[in-house]
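Read through the structure below, which is laid out as structure tokens, and then see the notes.
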There are 2 protein chains.
Amino acid sequence: MPGKVKFDLFPDEPATTREAIMKATYDALCEHGYADLTIQRIGDHFEKSKSLLYHHYDSKDALLVDFMGFMLEQMEADVPIEETGDAHEQLQFAIGFMFLEMIGGHNDGFLQAMIEMRAQASHDDAYRERFTANDDYLIERYVDIIEEGIEAGVFRDVDPEPVAKMIFTTIGGAMTRYITSDDPDMDTVHEELLQYVRARLLPEDAADAA
Amino acid sequence: MPGKVKFDLFPDEPATTREAIMKATYDALCEHGYADLTIQRIGDHFEKSKSLLYHHYDSKDALLVDFMGFMLEQMEADVPIEETGDAHEQLQFAIGFMFLEMIGGHNDGFLQAMIEMRAQASHDDAYRERFTANDDYLIERYVDIIEEGIEAGVFRDVDPEPVAKMIFTTIGGAMTRYITSDDPDMDTVHEELLQYVRARLLPEDAADAA
């Protein structure tokens, strides 16, 4: 089976002013939540002069939209593409990464920032457009794996997109429940999603044996 | 098949001061979003004297926690319990209610309020406790239907709870994607969830025929 991959929004010390601002924004967001976030509070987590914040961004809103883009770019870059194993193993790995690393890997601050930003997308077009692109990108990753599996005869000849959307939607629900509920029971949802994948994608004899 | 049931957070004119405050809060939340909500803005949607708001609530936070409770109580009361048909039909109806009425029934304001409140639960214990209770309540509703189905021989003899949690988590993800994405494709996720239910719960010969 493929190896374990870590997810960390800030693996290294920030190398640029923008990265330092992103980290200060992240830290302030984790401490105060989106609704109570102010430039002042972001500045409290920023080691350089606060005037730099105003130099780089016209407003708090502009800074937060940039932060949302930064966070999603990092996520898109860090979700690993695993090419060892067959398509079923790759799909198990991709789902496992989300449940074991993204959700279970002590990224609570990241998940909190995600749900806060996602909530903005319910009433702000700039957020919604960017989240839609992120959703499409991650769904496409599942589509690619499923198509490969169909070509190789590992999976049944299904339409890949509905299955990919189901996987993505369930993982999204799991991320939200994990960070907003006292009793999310993620292991169970992880296992059920793998059951769905087996029932929906494996040839009938293989699904019975699994 | 069971009939259609409507969901409406405010089906009638508010009968009490609390209800009128809840409606004003809801309207202000839909207009401004959680982060930009102020007592002043809630007051703008309130027909009676603003001083009543301060009389009833010590702070904006106290008002919003009460609003969150009100919203979830209404939801718990309004999710219909359908007792005609067998357990499979009841489960299809329960899932259909969430996709066709809750998500597809022009409740965008309600769904927006839900994701905004849910985001608060990521960093506020009062919200998290209440949402956990709501999750448990709705999961238990699915558990009840699945248990009935097992007893009646309509469903296989599975552990009902994991299946109920999977259904609930996917619907939660669907509600979030619907209100925060430009391309949620809910019909597809609805159909995949019904496929999961058939594969996971129906006896093998019935699942093949379905």
Side-chain angles (χ1 to χ4, degrees), chain A residues 30-37 108 111-125 127-129 131-136 161-163 165-177 179-186 188-189 191-193 195-196 198-200 204 207-208, chain B residues 30-37 108 111-125 127-129 131-132 134-136 159 161-163 165-177 179-186 188-189 191-193 195-196 198-200 204 207-208:
Chain A
C30 289
E31 185 177 342
H32 301 288
Y34 187 96
D36 294 325
L37 206 57
D108 288 12
L111 294 174
Q112 184 189 324
M114 280 287 277
I115 177 81
E116 293 266 26
M117 294 286 151
R118 192 107 204 174
Q120 302 313 308
S122 72
H123 55 82
D124 184 316
D125 289 344
Y127 284 81
R128 187 156 55 243
E129 275 170 32
F131 269 103
T132 302
N134 182 254
D135 292 4
D136 290 347
E161 204 167 283
V163 182
K165 286 180 175 172
M166 173 72 177
I167 294 170
F168 178 77
T169 302
T170 302
I171 290 171
M175 289 170 73
T176 297
R177 279 191 64 221
I179 200 67
T180 61
S181 157
D182 286 323
D183 183 24
D185 196 3
M186 288 293 107
T188 291
V189 179
E191 176 52 34
E192 286 302 312
L193 187 56
Q195 288 244 23
Y196 161 78
R198 286 195 290 271
R200 193 76 175 81
E204 269 179 50
D208 290 344
Chain B
C30 290
E31 184 176 344
H32 301 288
Y34 187 97
D36 294 324
L37 207 57
D108 288 11
L111 294 174
Q112 183 189 327
M114 279 288 277
I115 179 78
E116 293 265 25
M117 294 287 150
R118 192 106 206 176
Q120 302 313 308
S122 72
H123 55 85
D124 184 316
D125 289 344
Y127 284 81
R128 188 155 54 244
E129 275 171 34
F131 269 103
T132 302
N134 181 254
D135 292 3
D136 290 347
D159 182 359
E161 206 168 281
V163 182
K165 285 179 176 173
M166 173 72 177
I167 293 170
F168 178 77
T169 302
T170 302
I171 290 171
M175 287 169 74
T176 297
R177 279 191 63 221
I179 201 68
T180 62
S181 156
D182 286 324
D183 182 24
D185 196 2
M186 288 293 108
T188 291
V189 178
E191 176 51 35
E192 287 301 311
L193 187 56
Q195 288 245 23
Y196 162 79
R198 287 196 290 268
R200 192 76 176 80
E204 271 179 47
D208 289 345

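A, B, ... follow the sequence lines: proteins, then strands. Residue 1 opens every chain.
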Residue selection (most heavy-atom pairs with chain B, distance under 4.5 Å) from A:Gly33, A:Pro162, A:Ala35: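 Result: the option with the highest number of such pairs is A:Pro162.
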Between A:Phe131, A:Phe168, A:Tyr34, the one whose heavy-atom pairs under 4.5 Å with chain B are most numerous: A:Phe168
Min side-chain heavy-atom separation B:Thr188-A:Glu161 under 4.5 Å: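 No; the side chains remain at least 4.5 Å from each other.
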Contact check, side chains of A:Thr169 and B:Ile171, non-hydrogen atoms, under 4.5 Å: no
Contact origin within A:Leu193 toward chain B - heavy atom pairs under 4.5 Å: both
Heavy-atom contact with chain B under 4.5 Å, split by part of A:Asp135: side chain
Is it the side chain or the backbone of [X] that comes within 4.5 Å of chain A heavy atoms, both, or neither?
{"X": "B:Tyr127", "result": "neither"}
{"X": "B:Asp182", "result": "both"}
{"X": "B:Arg200", "result": "side chain"}
{"X": "B:Asp124", "result": "neither"}

Stepwise side chain to side chain contact (heavy atoms under 4.5 Å, CB included) check, B:Lys165 with A:Met186: CA-CA 9 Å; B:Lys165 285 179 176 173; A:Met186 288 293 107; over 6 Å; no
Nearest non-hydrogen partners of B:Thr180 and A:Thr132, listed with the distance: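 Smallest interatomic distance, heavy atoms only, reads O-OG1, 4.5 Å.
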Give, for atom [atom1] of [X] and atom [atom2] of [Y], the distance between the pair rounded to the nearest 0.5 Å.
{"X": "B:Asp185", "Y": "A:Met166", "atom1": "CG", "atom2": "CE", "value": "13.0 Å"}
{"X": "B:Arg118", "Y": "A:Arg118", "atom1": "CZ", "atom2": "CZ", "value": "14.5 Å"}
{"X": "A:Ser181", "Y": "B:Asp136", "atom1": "OG", "atom2": "CG", "value": "6.5 Å"}
{"X": "A:Ile115", "Y": "B:Glu116", "atom1": "CD1", "atom2": "CD", "value": "9.5 Å"}
{"X": "A:Gln112", "Y": "B:Gln120", "atom1": "CD", "atom2": "CD", "value": "9.5 Å"}

Top contributor to chain A contacts, counting heavy-atom pairs under 4.5 Å, from B:Ser122, B:Gly173, B:Ala174: B:Ser122
side-chain contact (heavy atoms from CB on, under 4.5 Å) partners of A:Leu111, counting only residues at least two apart: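 Result, side-chain contact (heavy atoms from CB on, under 4.5 Å) vs A:Leu111: A:Met175, A:Tyr178, A:Ile179.
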Results of side-chain contact (heavy atoms from CB on, under 4.5 Å) for A:Glu191 - residues two or more places apart only: A:Leu194, A:Gln195, A:Arg198
Short side-chain donor-acceptor distance under 3.5 Å, A:Thr170 and B:Thr170: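 Their side chains do contain a donor-acceptor pair, which is all the 3.5 Å distance test asks for.
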